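What follows is a short report on a single structure.
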Amino acid sequence: MKKKVTKSRPSRTMHLDTRVSREESETIHRKAEECGLTVSDYMRRCALGHSPRKHLTDKEIDAYMSLQEMRQHFVGIKNALWGKSKKEKLEIFGDVDFMKRWVRAVTTVLTYWDNLLKKMKQ
């Protein structure tokens, strides 16, 4: 069994003291909590040029999962149509122009969702 390789962190022995107003302190604490970081980690990352990201709320995670589900349904429908003949597609849609508009619209929506989901994962 292989040993788990861990990166050693540099020893943090130095202390910096910064004066802030009550409002600034509350803002820093709130933002650190939103990112799931300690105040020290949050301030260190900000000072070193990083942009700590907020954790998703439960509501945002639910919305993300709903988007994933809807996307999968659209992909399934589009894939089901892919194997159909023109005659079968016409029976489903009833109108060639409507069918073409529907396919273009679904493709646009899927592309938008893919881009949105990629951004959310970053």
Side-chain angles (χ1 to χ4, degrees):
M1 182 176 211
K2 287 187 175 183
K3 280 188 175 182
K4 186 177 177 182
V5 178
T6 57
K7 273 180 136 178
S8 62
R9 288 191 300 180
S11 173
R12 293 192 174 120
T13 57
M14 303 300 296
H15 178 82
L16 298 174
D17 187 31
T18 305
R19 301 232 178 255
V20 294
S21 69
R22 178 179 305 278
E23 293 81 18
E24 290 169 330
S25 175
E26 289 170 0
T27 300
I28 291 168
H29 278 84
R30 179 181 45 78
K31 286 185 174 189
E33 186 177 332
E34 288 172 353
C35 295
L37 299 170
T38 64
V39 171
S40 292
D41 281 337
Y42 179 79
M43 291 184 67
R44 185 181 309 108
R45 289 180 187 193
C46 288
L48 295 174
H50 303 285
S51 299
R53 295 176 189 218
K54 291 182 182 181
H55 282 235
L56 295 177
T57 65
D58 288 342
K59 205 172 189 178
E60 290 168 329
I61 290 170
D62 287 344
Y64 173 81
M65 297 307 290
S66 293
L67 277 177
Q68 279 283 63
E69 277 184 44
M70 286 188 282
R71 183 193 174 281
Q72 288 170 345
H73 289 302
F74 273 120
V75 168
I77 292 167
K78 192 172 176 189
N79 288 342
L81 290 172
W82 187 258
K84 303 283 184 201
S85 68
K86 279 188 176 183
K87 184 180 176 185
E88 290 172 311
K89 289 178 188 176
L90 277 174
E91 287 174 9
I92 294 168
F93 287 98
D95 178 25
V96 175
D97 290 331
F98 174 76
M99 178 180 70
K100 288 178 180 178
R101 287 192 315 271
W102 187 89
V103 170
R104 276 195 302 270
V106 168
T107 302
T108 301
V109 168
L110 289 175
T111 302
Y112 176 78
W113 278 341
D114 285 341
N115 291 334
L116 181 64
L117 294 172
K118 283 177 191 173
K119 287 180 183 178
M120 289 179 76
K121 288 179 181 178
Q122 292 177 346

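Remember, predicted model here, so these are calculated numbers, not experimental data. We use all heavy atoms of the structure for the numbers below, so side chains are in, but hydrogens, waters and symmetry mates are not.
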Minimum heavy-atom distance between T38 and A32, given as atom pair plus value: O-CB, 3.9 Å
Cluster check L16, L37: I/L/V/M/F/W/Y, side chain < 4.5 angstrom: no
Contacts of H50 that satisfy side-chain contact (heavy atoms from CB on, under 4.5 Å) - sequence neighbours left out: R45, L48
Worked check of side-chain contact (heavy atoms from CB on, under 4.5 Å) between T27 and R30: CA-CA 5 Å; T27 300; R30 179 181 45 78; 3.6 Å; yes
Pairwise distance CZ(R71) to CG(D114) - rounded to 0.5 angstrom: 4.0 Å
Residues, nucleotides or ligands: over 12 heavy atoms within 6.0 Å of R22 CZ: no
Between CD on residue E23 and CD on residue E26, distance to nearest 0.5 Å: 6.5 Å
Whether over 12 other heavy atoms sit under 6.0 Å from E33 CD: no
Straight-line distance of R12 CZ to S40 OG, nearest 0.5 Å: 9.0 Å
D41 and R44 ion-paired at < 4.0 Å: yes
Value rounded to 0.5 Å, distance of CE in M43 from OG1 in T18: 4.5 Å
